Student: 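Attaching a single structure in structure tokens format; questions to follow.
As the structure is a prediction and not an experimental result, all values here were calculated from the model. When a ligand or atom number is given, it counts from 1 through the structure's own listing order.
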Amino acid sequence: MSVPKLITMAKIEASVLKSKFRGCLLGALIGDCTGAPFEGDTITHGDKLVIQRYYDKLEDPTFTAPYKSYTDDTAMMKSVAKFLTDKPEPDYRFLARLFVTEFFKEPKRGYGQNIVEVFHKLRNSKFEDVYKPAKEQFMGAGSYGNGGAMRIAPVALYFHDNYKTMLEVATNATKLTHTNILGVNGALLQSVAIQLAVKCDPEAKIDPERFCAELYRRMRKIERVEEDLDDIEEEDDGTRKAYQNKLRVVENLLQKKHDDDLDEEVILNLGNGISAYESVPTAIYCFLKALNEIPSIQTENVFRRTVQYAVSLGGDTDTIACMAGAIAGAYLGEDGINTALAKQCEYYRDVLEIADNLYVAKEGPGN
Ligand code: F2R
Ligand code: MG
Ligand code: MG
């Protein structure tokens, strides 16, 4: 990919950064809550019209309905934010305890089938070796589910100005539950995308091709680390490039003319499943595609277009919309998100408070 470099802000004003913290976590919450009712569905052309009307209603300030509940995506994201705000240095034992406490408090938040085993083992072992239960998953292969990526937004925000530490903390936080390299690198790709979106000026339009090329450049370095990669097919040139290959597909799909067949191609080539490999690149694609108009979606608002498009692909809708929403919110900030839509979500005000606490923990109270 030899495209010009992405233009990012050299310095981010405090008010803009604060708005981006809020936008990112709110974006994740909205994707999770509004996408959850469709999780696991196959979406037809007719369903897309239903989804259009669903978001029209949710954006109508006069519309009253029971709030849309959040799921495991938000439940785990809350713990990651608390892990960063409550301790001066990363304490992964503390994070493991937070995940477990949150799960046993509200187990019916739609958690992945196998991660529950990790929570039980952590509790039964009294958190002795917090990495052991995750390593044992899937007969030692570790989980490649998207559970590491769906919750990682607070790490990307907190370390937005320290790339190396962001990758290190995101890796360690993910490995508490997901040790398969595809699960870990999926979480890293999602954090890199959020961090990059934070650096983009919300007043200036992002060039999707440049954004994608920058992600590709970074994944090249991340995937160059060869340890633990034995289960990934060897490439012709001897390197393993799972996510780099997916980003090439993203770039290719972005250049195609939109129609329902293209959505099928997206599902076939990028995926809409529960694995990180079949959902993180898809979420990135949703965000980049929604920067421009999508003929089948009637809205002027980039944030809504991102989330609505993610949901219209079906499959793991809460999680793909959560991850796409987090990237879009990190770029646009809180102002880019319709308040009426946000207010339809359970935990809306709490998430704003969590974002503000994270911002203060990072930047200091005077900023
Ligand atoms: N679990 C769900 N959705 C199911 C329906 C929920 C329903 N609506 C309800 O309310 O009950 N969603 C949530 O799970 C996903 C995140 O999962 P996570 O945290 O990664 O969990 P886990 O269990 O580690 O992995 C998920 C599945 O992936 C497959 N898998 C992973 N690694 C594997 C490996 N090495 N070999 C074979 N399979 C592997 C397994 O099927 C796991 O169960 C999000 O969508 C979240 O919303
Ligand atoms: Mg979920
Ligand atoms: Mg899901």
Student: Consider every N or O of I274 and every N or O of ligand 1, then say whether any pair is closer than 3.5 Å.
Tutor: no
Student: So, using ring-ring contact (aromatic ring centres under 6.0 Å, His included) as the criterion, who are the partners of Y309 when residues are at least two apart?
Tutor: none
Student: Are any of the N or O atoms of G142 closer than 3.5 Å to those of ligand 1?
Tutor: yes
Student: Which of the numbered atoms in ligand 1 are under 4.0 angstrom from any heavy atom belonging to G110?
Tutor: 1 (N), 2 (C), 9 (C), 10 (O), 11 (O), 12 (N), 13 (C)
Student: Is it the case that ligand 1 has an N or O less than 3.5 angstrom from some N or O of D73?
Tutor: yes
Student: With nothing but distance in play, are any N or O atoms of I115 less than 3.5 Å from an N or O of ligand 1?
Tutor: yes
Student: Can you tell me if Y70 and K78 form a side-chain donor-acceptor pair at under 3.5 Å?
Tutor: yes
Student: Could you say whether the N/O atoms of N114 and ligand 1 ever approach to under 3.5 Å?
Tutor: yes
Student: Please determine, by modelled atom types, if D316 and N272 share a side-chain donor-acceptor pair under 3.5 angstrom.
Tutor: no
Student: Measuring from atom 1 (N) of ligand 1, which candidate in F38, Y144, Y111 has the nearest non-hydrogen atom?
Tutor: Y111
Student: Have a look around the Mg ion (ligand 3) and list protein N/O/S atoms under 2.8 Å, or say none.
Tutor: E39 OE2, D316 OD1, D318 OD1, T319 OG1
Student: Counting only heavy atoms, which portion of Q137 has something under 4.0 Å from ligand 1: side chain, backbone, both, or neither?
Tutor: neither
Student: Can you list every ring-ring contact (aromatic ring centres under 6.0 Å, His included) pair that touches residues 93-127, not counting sequence neighbours?
Tutor: F103-Y111, F103-F119, F104-H120, Y111-F119
Student: What residue and atom, counting heavy atoms only, is the protein's closest point to atom 45 (O) of ligand 1, and at what distance?
Tutor: D316 OD2, 2.5 Å
Student: Taking the minimum heavy-atom distance to atom 15 (C) of ligand 1, which of T319, T74, N146 ranks first?
Tutor: N146
Student: Among all the protein's non-hydrogen atoms, which is closest to atom 25 (O) of ligand 1, and how far away is it?
Tutor: S143 OG, 3.5 Å
Student: For Y92 together with F83, are the ring centres under 6.0 Å from each other?
Tutor: yes
Student: What protein heavy atom is closest to atom 12 (N) of ligand 1, reported as residue, atom name and distance in Å?
Tutor: E39 OE2, 3.0 Å
Student: Answer yes or no: are there more than 12 heavy-atom neighbours, outside Q255 itself, under 6.0 Å from its atom CD?
Tutor: yes
Student: Using a strict cut-off of 4.0 Å, indicate which atoms of ligand 1 neighbour a heavy atom of H178.
Tutor: 18 (P), 19 (O), 20 (O), 24 (O)
Student: What protein heavy atom sits nearest atom 19 (O) of ligand 1, and how far off is it?
Tutor: G147 CA, 3.3 Å
Student: Show me which atoms of ligand 1 lie under 4.0 Å from any heavy atom of D318.
Tutor: 47 (O)
Student: Where is the nearest protein heavy atom to atom 46 (C) of ligand 1: which residue, which atom, and how far?
Tutor: D72 OD2, 2.9 Å
Student: Looking only at side chains, do D32 and T71 share a donor and an acceptor under 3.5 Å apart?
Tutor: yes
Student: Report the member of A141, G273, G186, G112 with the shortest heavy-atom distance to atom 21 (O) of ligand 1.
Tutor: G112
Student: Taking the six-membered ring for Trp, are F38 and Y54 ring centroids under 6.0 Å apart?
Tutor: yes
Student: Within the 4.5 Å heavy-atom criterion, are M9 and C200 side-chain neighbours or not?
Tutor: no
Student: So, T299 versus Y55: side-chain donor-acceptor pair below 3.5 Å or not?
Tutor: no
Student: Could you note down all residue pairs passing ring-ring contact (aromatic ring centres under 6.0 Å, His included) where residues 142-194 supplies at least one of them, sequence neighbours left out?
Tutor: none
Student: Assess K246 against Y277: is NZ or CZ under 6.0 Å from the centre of the six-membered ring, and within 45 degrees of the ring's axis?
Tutor: yes
Student: Can you confirm whether the side chains of K205 and N292 place a donor and an acceptor under 3.5 Å from each other?
Tutor: yes
Student: Using every non-hydrogen atom in the two residues, find where L122 and V130 come nearest and quote the distance to one decimal.
Tutor: CD2-O, 3.6 Å
